[in-house]
Amino acid sequence: MAVAISKRLATALSVVIILLLVLHRVHSEPTQDKQALLSFLSQIPHENRLQWDPSQSACDWVGVQCDPTNSSVYYLRLPAVGLVGQIPQNTLGRLSQLRVLSLRSNRISAPLPSDLANLTLLRSLYLQNNQFSGEFPTTLTQLTRLTRLDLSSNNFTGQIPFSVANLTHLTGLLLENNGFQGRIPSVVPPNLVDFNVSNNNLNGSIPAALARFPASAFANNVNLCGGPLPSCNPFFPAPAPSPTLSPPSLTPSQRRNNRGLSTAAIVGISIAGGILILLLLLAIIFFLIRRRKRSKTSKPQKPPPIAAARAVGEAGTSSSKDDVTGGSGEGAERNKLMFFGGGGYSFDLEDLLRASAEVLGKGSVGTSYKAVLEEGTTVVVKRLKDVVAAKREFELQMEIVGNVSKHENVAPLRAFYYSRDEKLLVTDYMPAGSLSALLHGSRGSGRTPLDWENRLRIATSAARGLAHLHVSANLVHGNIKSSNILLKQDNLDSCVSDYGLNPLFSNSTPTNHRIMGYRAPEVLETRKVTFKSDVYSFGVLLLELLTGKSPNQASLGEEGIDLPRWVQSVVREEWTAEVFDVELMRYHNVEEEMVQLLQIGMACVAIVPDQRPAMQEVLRMIEDMNRDDGLRNSSDDALRGGSDSQTPPKESRASPSGFTP
Ligand SMILES: *[C@@H]1O[C@H](CO)[C@@H](O)[C@H](O)[C@H]1NC(C)=O
Ligand SMILES: *[C@@H]1O[C@H](CO)[C@@H](O)[C@H](O)[C@H]1NC(C)=O
Ligand SMILES: *[C@@H]1O[C@H](CO)[C@@H](O)[C@H](O)[C@H]1NC(C)=O
Ligand SMILES: *[C@@H]1O[C@H](CO)[C@@H](O)[C@H](O)[C@H]1NC(C)=O
Ligand SMILES: *[C@@H]1O[C@H](CO)[C@@H](O)[C@H](O)[C@H]1NC(C)=O
Ligand SMILES: *[C@@H]1O[C@H](CO)[C@@H](O)[C@H](O)[C@H]1NC(C)=O
């Protein structure tokens, strides 16, 4: 009996102790990381002004930033604090949750400790302006989450390893001012935005994937060619160094200049030839199109205005009205509302014209009305303006658009109407409105912010819709923007609308300001939308979702910005968080996902169309986001003080799939 009681007491006590431990853990500081940091600082010489008071929380220390629950260190920034010598083993490598490590502008030397490979969540590593020497530390190529790696201004030598291609998330790779040798690997991370290998000893051709970077990113190497530099001459591989060029460090630019003249001439001549042929072709095509158009538009098909007005009245599904047409040639044209299956609608043009209408918005292609028919049906009628397509072309295009197979993320076209004076499209009315309204409508007090889950859901479903258009329907959308992403009322899934209309309009009408910000750069010139230009616009849309800023008319001086360029300029800085919508900053465990979506968006807005991923690839990347890590779940657990919370973070990270809710 006594034994039983004391046993019970013991369990009760241990429960209390565990509770205390849990509370302690949640509310205090990152004990383990603190030990690692203290051990780091005690083993590496540094300036006196870098003092970490062990009695304070590590989260208050200079250069240290913790996660929101203060259970681990997320950011360690110690630039120019006089650190000297090697980073000791078993110190920084224990900061298992670290996201950003900056040790730039110190006097740290090689080798890097191998346990840095354990920092698997590290996103940015800044080691520039130190005294590292020897080979590229391959340990770093195991940090597959890295988005930015800066090793510039050190004394590295040897080859740039092929395994840098493993760093698939990398957007910045800065290796300038070192002694790297040999060729640049032909496979490089796909999403690089910042790249620099100038002032090294590299030779050989610049891989095509890097040709988009400016010459200054490759300047001052031994013998690089191709890309932005003079092209490699396959017939004369290694021009024998002429006796006048003696010190190898001086030769490259001179040699390049010597070769530059002749290659430049050749390139110039061939480009001129190419342009001439292209111009000829364009001229021929232009004339052909002009002739076709003229022959089409000159067909006698225009009814006099009054007849057209009457035709409007008589159009409809009932054939009993046909006799009103009065046997004119127009009668055969049957100006009817043409329905596609699936909407379950039964009304005619007359009903539509009698409906009470309310302007929903003026878009680049025309004005949209919400029309409530007498029988109670509500539809959206879009009144197209500036259509240049003749009736036949219009009908053909509508057939393509109307027959896009059913998909839950594609808003179907229900009907259309064509007459000389009036071109109408009928679609379903979606009361939840557009993404544009949800994202930009009534900012400030009284607004319910659009949370991250829903933004991600909208992005994913819109990507599905767009990929369906591209893959199943082989149709370019041509007008992606947030006001054409409509939301479903029940679950905020989205669907894409207003697709496939570009062929109806003239290429020469000036681009509407409101869609300018979504236009891929090449479309502004060629005026031709493609699958890849859709991907660009979708990328801008992703950036809009992430930043909460609407993309437009920067060049026009109105409110608004060139979103891709703005994001790039911010991301170039170390701290990417300020790029995100302030409304998203309240959600703490989603940072990782936001960064991933940002990277996908950035890949989509690549300047060169061929470098943008295909839409189905974009969809796959979005759907795959974060499937592999369970980070959010584990940090949720830590927040809740769940049963996991006493296991060291390293272990819970080491078995990401093993978390239990
Ligand atoms: C985390 O630490 C910081 C700095 O010491 C402190 O301001 C903040 O209140 C702490 N947060 C929690 C949740 O303990
Ligand atoms: C990385 O962490 C694991 C435990 O999570 C440890 O066993 C291993 O030794 C560490 N690796 C290095 C290189 O320190
Ligand atoms: C690189 O190494 C050379 C000699 O090997 C040395 O003179 C130079 O100071 C080093 N540069 C840096 C930035 O450490
Ligand atoms: C990294 O790249 C190397 C060489 O390209 C390859 O052998 C290795 O399997 C890759 N490692 C990972 C983790 O992908
Ligand atoms: C490039 O440099 C390496 C040594 O740095 C040399 O072995 C190789 O032959 C060079 N290649 C060319 C094409 O010049
Ligand atoms: C590359 O680095 C060099 C040296 O720091 C700099 O002059 C050049 O402007 C950089 N180029 C690019 C494209 O960043």
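First listed ligand is number 1; within each ligand, the first listed atom is number 1. When a residue number appears, it is its place in the shown sequence, counting from 1.
Heavy-atom minimum distance, N106 versus L83: OD1-N, 3.0 Å.
Within the structure, the side-chain hydrogen bond (donor to acceptor under 3.5 Å, both in side chains) test picks out the following pairs touching residues 207-218 (sequence neighbours left out): R212-Q611.
Residues of the protein with a heavy atom under 4.0 Å from ligand 6 are E176, N177, N196, S198, N199, P214, S216, A217, listed by chain and number.
Contact atoms of ligand 1 toward P68: 13 (C) (distance under 4.0 Å to a heavy atom of the residue). For ligand 1, the atoms sitting less than 4.0 Å from at least one non-hydrogen atom of D60 are 4 (C), 5 (O), numbered in the order shown with element in parentheses.
Residue contacts with ligand 1: T69 is placed with no nitrogen or oxygen under 3.5 Å of a nitrogen or oxygen of the ligand (distance criterion only).
With sequence neighbours excluded, no residue forms a ring-ring contact (aromatic ring centres under 6.0 Å, His included) with Y536. Contacts of F213 classified as ring-ring contact (aromatic ring centres under 6.0 Å, His included), with partners at least two apart in sequence or in another chain: F195.
In summary, the side chains of S39 and Q35 do not present any donor paired with an acceptor at a separation below 3.5 Å, with no hydrogens or angles considered. No hydrogens or angles considered: nothing links the side chains of N154 and N130 as a donor-acceptor pair under 3.5 Å.
The neighbour count for Q51 CD, taken as heavy atoms of other residues, nucleotides or ligands under 6.0 Å away, is above 12.
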